[in-house]
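Every chain is numbered from 1, with letters handed out A, B, ... down the list of sequences.
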Amino acid sequence: MADDVLLRAQGVRKSFGAVEVLKGIDLEVRQGQVVSLIGASGSGKTTFLRCVNLLEEHDGGEILLDGDPVGYRVEGGRRRRLSETAISAQRARIGMVFQQFNLFPHLTAEENVMLGLTKVLNKPKAEAREIATHWLGRVGLAERRGHYPYQLSGGQQQRVAIARAVAMEPRLLLFDEVTSALDPELVSEVLGVMQGLAESGMTMLVVSHEMLFVREVSHHVVFMDQGRVAQAGTPEAVFGNPESERLRSFLGRFHGMFGMV
Amino acid sequence: MIDYNFDWSVITRNWDRFLEALALGLGLAVVSLLIGCVIGLAAAYARVSGNKWLSGPVWAYVEVIRCTPLLLLIFFIYFGLPEFGIYFMDKTQSFVLTLSLYAGAYMSEVFRAGLSSIPRQYVEAAKAIGMRPWQRQRWVVLPVMFRITLPSIGNNLISLFKDTSLAAAIAIPELTFVARQINANTFRVMEVWLTASALYLATAWLLATLLRQVERRYATIR
Amino acid sequence: MLDFSFVPGTFWFEAWQARFSLLSGIWVTMSASALTILFATILGVAVGTALAYGWWWLRLLARLYVDFMRGIPVLVLILFTYYGLALFGINVPAYWAGVIALSAFATAHIGETLRGAVESVPMGQMEAGKAIGLRFLQRLRYVILPQALRRMLPPWVNTGLEVVKGTTLLSIIGVVELLLTNQQIVARNYLIVDFYLFAGLLYLMINASIAALGARLERRFSYLRY
């Protein structure tokens with residue numbers, strides 16, 4: 001096992017009732033890498049992301065973060081579910097940005113960023129405020145820090161949500177279709193922030209339909225199809241040499257849009 | 001129709017008593033609301049817990065209280081509890097206990113609706129930054145629910161304030177009791193009851209206005 | 001508590017002794033409730049219509065009435081009516097003073113309910129009624145009210161429950177309804193817990209049947225959707 005593997009998924013399975021959504025996912029994310037998951041809706045990308053952050057529990061296989069299994073420990077060869085406290089601690093090491101932003105509506109932008117810092121990481125208020133100011137500045141919202149979510153545009157809300165996630169200094173950041181709920185003209189401001197993060201060496205696992213962004217920023221691209229990894233590799237390999245008909249037709253949809261491939 | 005000569009001196013002479021009685025009623029309502037909120041919150045969590053040994057009895061409590069006339073409840077607790085050897089209460093404590101139990105049933109429904117109306121995503125976002133279960137409740141669910149239910153809490157306060165008039169039935173000197181007493185002593189029916197009505201109306205209106213201010217202050221959820 | 005032996009001082013004996021007063025108490029409570037709900041429904045429809053469609057001065061008047069009634073306690077309303085009517089030489093029994101006061105109170109609630117229900121019917125319905133040449137009252141009667149009915153039912157049933165509970169307040173002006181009947185019985189035999197529980201059970205039964213009736217009506221009108 002290479003030392004710099006941060007997240008390793010092996011044979012991850014997940015069913016909702018009778019429907020098997022993940023049919024054995026193998027995937028690796030190395031320190032400092034940006035890995036993108038692409039695929040049609042319903043292919044299981046979002047479910048996989050939610051399993052990594054324990055918003056869903058996977059039924060089989062394993063997900064290791066820094067070598068530790070996520071969500072359970074192995075005791076005498078058997079899996080024991082971790083306590084809520086331990087799970088919370090694991091989640092604090094993984095940041096997540098949601099499609100619908102999910103900012104806390106009763107808190108200002110700054111307070112949204114500060115909440116995890118003060119309550120989860122137990123930082124003093126002053127320090128938390130400093131960190132919040134720093135990150136809100138990095139996403140270009142320094143002067144909006146006193147605004148409530150309803151006073152911000154979708155793009156601004158999503159940038160606050162990113163600041164909230166990064167401020168926790170997670171080992172890994174998950175992005176779940178973070179631009180899908182945005183008006184087209186607001187997409188680029190969010191993608192810009194994500195690109196900046198990638199360049200600063202943040203480890204990121206990204207579910208996205210922004211193919212141009214995926215192609216430009218990712219180190220590794222994973223095409224998922226019907227609950228399986230259908231093809232994975234460098235962006236050049238996946239986009240330049242799609243092996244399956246399904247990937248070809250999936251990518252074909254984006255052809256005209258960006259004049260790519 | 002007889003000629004009625006208004007004589008407002010009876011009001012001015014007794015003005016202090018009216019105000020004291022009003023303040024007492026308000027105090028009873030506020031204290032009962034506060035205790036009722038605590039009961040209601042616990043009951044609401046029991047209702048949504050999914051544990052039928054918790055939610056069943058709470059459901060029964062809410063339904064029984066809602067179907068029982070408040071006046072009967074007041075008498076039952078005031079006259080009935082001593083039968084069970086509970087003697088320590090004076091009239092006011094007994095009434096506060098009654099009104100709190102009453103408010104608790106109504107507040108539990110308010111909070112239950114509030115809890116179930118909070119989008120799942122807020123909880124997920126709190127999970128994602130690593131908050132533990134009680135932290136998620138304390139810093140995300142409760143504050144959001146408080147803001148959502150604020151108008152209902154306010155309406156309940158006004159209702160409870162009006163309900164304090166029933167304390168007159170066990171001779172607690174709140175506004176209705178005092179008005180009735182002055183009425184009996186002076187026979188200035190119109191003056192007394194117009195004044196009492198006006199005081200209730202004005203207080204209810206004042207409370208409503210105040211609560212709207214508070215709501216505006218917390219109006220961050222759209 | 002519930003001792004099944006049938007001698008003086010036991011609940012069943014005392015209840016049997018007092019059976020006629022109990023029946024009379026139940027009758028007074030039920031008739032006062034029924035009359036109040038009847039009056040308040042008729043007047044409430046008028047007040048609600050005035051609130052929704054009245055000329056501005058009528059709307060204002062109705063609004064003042066509703067807010068006044070909802071701002072003061074029912075008990076004050078009852079006492080005011082009881083003492084006030086006598087003052088003007090109108091000598092009505094306490095029972096009727098109580099029914100009048102309760103009706104005035106319930107009218108306000110039903111009026112407000114009706115306004116909300118009527119205003120939730122889409123504007124187009126009124127216009128469609130105009131377009132086929134119905135007069136105002138016809139539009140109301142045949143188009144708007146049937147559609148508002150379903151939305152009105154739950155709060156209307158709720159007002160009914162409030163009225164039944166509200167009749168206990170008539171005991172304070174001396175109407176011997178169910179609660180006062182029980183108090184009088186308790187004063188004789190000191191079976192405080194037994195008879196208050198018994199009274200509570202009776203109210204529970206009355207209210208449960210009203211709620212069940214409401215649920216049935218709701219199912220009956222469940223075809224009204226929009």
* To do: Go through B/K127 and B/E124 one step at a time and tell me if the salt bridge (charged side-chain N to carboxylate O under 4.0 Å, His left out) criterion holds.
  => CA-CA 5 Å; B/K127 280 183 184 174; B/E124 286 190 350; over 6 Å; no
* Between A/Q100, A/Q151, A/H106, which residue shows the highest count of heavy-atom pairs closer than 4.5 Å to chain B? -> A/H106
* is_close_aromatic(B/Y45, B/F111), centroid dist under 6.0 Å -> no
* To do: For the pair A/D176 and A/K45, find out whether any cationic side-chain nitrogen is under 4.0 Å from an anionic carboxylate oxygen.
  => no
* Top of A/Q90, A/R50, A/M96 for chain B proximity - count of heavy-atom pairs under 4.5 angstrom -> A/R50
* **A/R8/A/E62 salt bridge by N-O under 4.0 Å criterion** => no
* Structure fact -> Interface check, chain B: of A/I87, A/T108, A/V120, A/L121, most non-hydrogen pairs under 4.5 Å belong to A/V120
* Between A/N53, A/L54, A/L55, A/L103, which has the largest tally of heavy atom pairs under 4.5 Å with chain B? -> A/L55
* Asked: In terms of heavy-atom proximity below 4.5 Å to chain A, should B/Q135 be classed as side chain, backbone, both, or neither?
  -> side chain
* Taking the six-membered ring for Trp and the single ring otherwise, decide whether the centroids of B/F146 and B/Y218 are under 6.0 Å apart. => yes
* Asked: What part of B/R136 is in contact with chain A, defined as an atom under 4.5 angstrom from a non-hydrogen atom: side chain, backbone, both or neither?
  -> side chain
* Asked: If you draw a 6.0 Å radius around CD in A/E84, do more than 12 non-hydrogen atoms from other residues or ligands fall strictly inside?
  -> yes
* Asked: At a heavy-atom separation under 4.5 Å, does B/R147 approach chain A through its side chain, its backbone, both, or neither?
  -> side chain
